[in-house]
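What you see below is based on every heavy atom in this structure, not just the backbone, and it leaves out hydrogens, waters and symmetry mates.
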Amino acid sequence: TEAATDSHDGGFYVFLSKEEAQVAYERNVVFTSDVLEGKNLALLECEVAGRQHEHDNGKVCVTFCRPMKFIAMMSMLQKAA
């Protein structure tokens, strides 16, 4: 648990849908250096709760985020295929 703030100082960044996460990944909006280095990313379904703040840049920050279900692995190799 970490309080979500409007100043990017706390909380956990999440996407509110699988589609939003996939688009951000495909556009290299998140984890850019990790993706470019060939690291795999796990897409997880999470339970979120508590304070929620939507930043002007589209990021969503929540106070509580619990991984519940593995959805898929994403990597640059899959992206190129």
Side-chain angles (χ1 to χ4, degrees):
T1 301
E2 185 176 307
T5 69
D6 59 359
S7 61
H8 299 271
D9 289 339
F12 301 95
Y13 289 108
V14 299
F15 293 98
L16 300 180
S17 73
K18 177 181 176 180
E19 292 75 23
E20 286 179 18
Q22 288 175 321
V23 167
Y25 172 76
E26 290 168 2
R27 294 182 179 166
N28 289 332
V29 173
V30 292
F31 306 111
T32 303
S33 60
D34 291 329
V35 171
L36 294 176
E37 290 174 11
K39 295 180 181 175
N40 293 329
L41 301 179
L43 180 61
L44 305 172
E45 181 179 310
C46 297
E47 172 188 355
V48 298
R51 184 181 304 149
Q52 178 175 316
H53 182 78
E54 294 187 34
H55 295 283
D56 291 337
N57 62 5
K59 286 184 176 179
V60 176
C61 184
V62 297
T63 295
F64 177 83
C65 180
R66 178 190 340 214
M68 301 296 286
K69 180 181 173 184
F70 171 80
I71 303 296
M73 292 299 291
M74 297 185 293
S75 72
M76 286 299 283
L77 297 175
Q78 289 174 335
K79 203 171 149 181

Look up atom [atom1] in [X] and atom [atom2] in [Y], then write down how far apart they are to the nearest 0.5 Å.
{"X": "Leu44", "Y": "Phe15", "atom1": "CG", "atom2": "CZ", "answer": "12.5 Å"}
{"X": "Glu47", "Y": "Phe64", "atom1": "CD", "atom2": "CZ", "answer": "5.0 Å"}
{"X": "Met68", "Y": "Glu45", "atom1": "CE", "atom2": "CD", "answer": "8.0 Å"}
{"X": "Gln52", "Y": "Phe12", "atom1": "CD", "atom2": "CZ", "answer": "14.0 Å"}
{"X": "Ser17", "Y": "Gln22", "atom1": "OG", "atom2": "CD", "answer": "8.5 Å"}

Could you check if a side-chain atom of Val62 sits within less than 4.5 angstrom of a side-chain atom of Arg51, using non-hydrogen atoms only? no

Same apolar cluster (I L V M F W Y, side chains within < 4.5 Å links), Val23/Leu16: no

Check the pair Leu41 / Met73 against side-chain contact (heavy atoms from CB on, under 4.5 Å), numbers first and verdict last. CA-CA 6 Å; Leu41 301 179; Met73 292 299 291; over 6 Å; no

Do you know the tightest heavy-atom contact between Ala21 and Leu43?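 Result for this residue pair: CB-CD1, 3.7 Å.
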
Distance-minimising heavy-atom pair for Gly11 and Cys61: CA-SG, 3.5 Å

